[in-house]
Amino acid sequence: MQRLWRLLTPRFVVPSIYAIRWDDLRDLGVRGLVLDLDNTLARRDQPLPDETLRRWLDEARQQGFSACILSNNLEHRVQLFAQACGVPAVHAATKPRRRAFLRALQTIGVEPAQAAVIGDQIFTDVLGGNRLGMVTVLVTPLPGKEFVGTRLVRLVERWVLRHLARRGALRS
Ligand SMILES: [Mg+2]
């Protein structure tokens with residue numbers, strides 16, 4: 001049980017990708033970023049990156065980080081978005097399974113311990129990243145319509161977050 005909670009605990013909790021401090025990641029030895037797409041980089045209904053996101057990705061590059069998008073969404077959505085961002089992507093990822101994380105890491109040529117996964121879902125992004133010993137960053141999901149199934153998962157996620165907060169396990 002203890003182990004399960006640890007696997008569900010993000011290393012950092014931030015309101016958005018723009019609140020991530022590069023130094024925090026660098027201090028932990030992070031060189032690579034594995035980025036969730038939907039509700040993390042952009043709303044589900046936003047087909048292309050906006051100017052703010054492009055600037056953030058440029059900044060990440062200038063700061064010495066390599067990035068790869070890792071999404072459970074389908075090829076068309078993911079590759080269109082990633083190409084416009086100028087970063088590689090792995091689609092249909094079946095997170096939290098490890099295989100796709102490893103493929104993303106291989107793409108950018110970093111070991112799991114040197115990579116941060118940044119995403120909005122505990123049971124896919126955080127769980128998958130923690131299983132591989134990656135640094136995990138949970139962001140507040142961007143607003144927008146979600147599937148019924150996802151809305152249900154959000155309820156459970158909020159319960160998990162409350163539990164973790166009570167245990168003092170959350171850092172921002
Ligand atoms: Mg997401």
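Start at 1 and go down the list; that is how both ligands and their atoms are numbered. It should be emphasised that the depicted structure is a prediction, and the values quoted were computed from it without experimental measurement. Starting from 1, each residue takes its place in the sequence as its number. Side chains are part of it too, since the values below use all heavy atoms of this structure and drop only hydrogens, waters and symmetry mates.
For D36, the N, O or S atom with the smallest separation from the Mg ion (ligand 1) is OD2. For D38, the N, O or S atom closest to the Mg ion (ligand 1) goes by the atom name O. Restricting D120 to its N, O or S atoms, the one at the least distance from the Mg ion (ligand 1) is OD1.
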Item to check | CA sep, side-chain torsions, deciding dist, call: R55, D50, salt bridge (charged side-chain N to carboxylate O under 4.0 Å, His left out) | outcome: CA-CA 9 Å; R55 271 201 301 271; D50 60 26; over 6 Å; no
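Here the OG atom belonging to S172 is positioned 12.0 Å from the CD1 atom belonging to I20, to the nearest 0.5 angstrom. Taking CG of L41 as the start and CZ of R54 as the end, the distance is 12.5 Å to the nearest 0.5 Å.
No continuous path of hydrophobic side-chain contacts links L138 to Y18 [ILVMFWY only; heavy atoms under 4.5 Å].
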